[in-house]
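Below is one structure, written out as structure tokens; comments come after it.
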Amino acid sequence: MPQVTAVATAAGAPDTVYAAVAGDGLWRSEDAGENWSFVMDRPWIADAEREVLTIASVNLASGMGGIWIYAGTERGLTRVPDCFCRWQDVVAGNAMDALVAGTPPAPETPLPEGEPVLALTSAMAAPERLAAALPSGLWASSDGGVNWAHRSGHVAPALAAHPTEPSRIAAITADEVILSHDSGASWAALPTT
């Protein structure tokens with residue numbers, strides 16, 4: 001049986017589910033998991049196909065309809081629009097306009113190069129806000145993953161964002177569940193019973 005490495009529900013379409021399968025690629029179900037179809041090979045990063053470790057469906061305004069599947073791999077972050085035409089680097093929305101105009105694109109602050117992205121999350125109420133967990137800690141972006149800020153040294157294999165309060169993020173670490181009410185600027189452990 002193939003190993004599923006990541007699962008995400010489509011932004012705004014709860015019956016559509018995406019699953020990343022080790023050694024294969026991305027699969028989609030449009031009937032809440034009853035039937036599945038292959039939609040995309042694994043991403044090609046640094047001269048090799050890379051396993052998808054985590055995925056998030058994000059509804060961002062774009063010329064391609066707006067739904068993006070962000071994928072964390074062992075070599076960084078990539079994304080594909082839900083037309084599944086090709087995996088792409090995460091760039092500023094106005095990068096193409098800058099290229100056409102002949103002006104330099106705005107500076108970007110990506111996630112650390114070459115680090116695995118262990119977990120990703122985005123809230124449906126604010127899809128431009130993303131949180132990522134890497135071995136170097138927890139990171140946050142407020143512009144769809146173009147610019148990132150290091151928020152904590154905690155290492156977390158799982159993240160979740162509150163669907164209607166995007167500044168609330170939960171993370172599971174090796175020892176505890178931690179919660180942020182300010183987009184990752186500060187964290188507190190949840191009490192255990």
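Excluded from the calculations below are hydrogen atoms, water molecules and symmetry mates; all remaining heavy atoms, backbone and side chain alike, are included.
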Using distance only, find each side-chain donor-acceptor pair of residues 37-44 under 3.5 Å and give its atom names and separation, not counting sequence neighbours.
from : atom 1 : to  : atom 2 : distance (Å)
R42  : NH1    : E51 : OE2    : 2.6
R42  : NH2    : E49 : OE1    : 2.9

key: L77 vs R79 side-chain heavy atoms within contact, under 4.5 Å   = no
Give the table of side-chain donor-acceptor pairs shorter than 3.5 Å for residues 120-128, with sequence neighbours excluded, one pair per line with atom names and distance.
from : atom 1 : to   : atom 2 : distance (Å)
T121 : OG1    : A161 : N      : 3.1
S122 : OG     : P127 : O      : 3.3
S122 : OG     : R129 : O      : 3.3

query = Would you say the side-chain atoms of T173 pair up with the backbone N or O of V155, donor to acceptor, closer than 3.5 Å?
reply = no
ask   = Per the side chain to side chain contact (heavy atoms under 4.5 Å, CB included) rule, which among I55, T54, V90 passes with Y70?
value = V90
ask   = Does any non-hydrogen side-chain atom of L118 lie less than 4.5 Å from one of P135?
value = yes
ask   = Shortest non-hydrogen contact from A6 to L53?
value = CB-O, 3.8 Å
message = When you measure from the side chain of T16 to the backbone of E30, do you find a donor-acceptor pair of N or O atoms at a distance under 3.5 Å?
response = no
ask   = Where the side chain of D15 meets the backbone of A32, is there a donor-acceptor pair that is under 3.5 Å apart?
value = no
key: Co-membership, hydrophobic cluster, residues W148 and L134, 4.5 Å side-chain   = yes
message = Using every non-hydrogen atom in the two residues, find where W187 and R151 come nearest and quote the distance to one decimal.
response = NE1-O, 4.1 Å
remark   = Here the pair of heavy atoms bringing A133 nearest to A156 is CB-O, 3.0 Å
query = So V17 and V7, side chain to side chain contact (heavy atoms under 4.5 Å, CB included) or not? Walk me through it.
reply = CA-CA 7 Å; V17 182; V7 176; 3.7 Å; yes
task = Kindly give the heavy-atom pair with the smallest separation between Q88 and P81, and that separation in Å.
result = NE2-CD, 3.7 Å
inquiry  = Please determine whether residues V58 and L111 belong to a single hydrophobic cluster, defined as Ile, Leu, Val, Met, Phe, Trp and Tyr linked transitively by side-chain heavy-atom distances below 4.5 Å.
reply    = yes
request  = Output the distance between atom CD1 (I45) and atom CZ (R50), rounded to the nearest 0.5 Å.
outcome  = 7.0 Å
ask   = Applying the 4.5 Å side-chain criterion to the ILVMFWY set and letting contacts propagate, would V117 and L60 be lumped into a single cluster?
value = yes
task = Kindly work out whether a path of hydrophobic side-chain contacts (I/L/V/M/F/W/Y, heavy atoms less than 4.5 Å apart) joins I169 to W139.
result = no
note = Correct closest heavy-atom pair for H150 and S136 would be NE2-O, 2.8 Å
request  = State, yes or no, whether a side-chain contact exists between V52 and Y18 at a heavy-atom distance under 4.5 Å.
outcome  = no
request  = Heavy atoms only: give me the nearest I178-L138 pair and the separation to one decimal.
outcome  = CD1-CD1, 4.0 Å
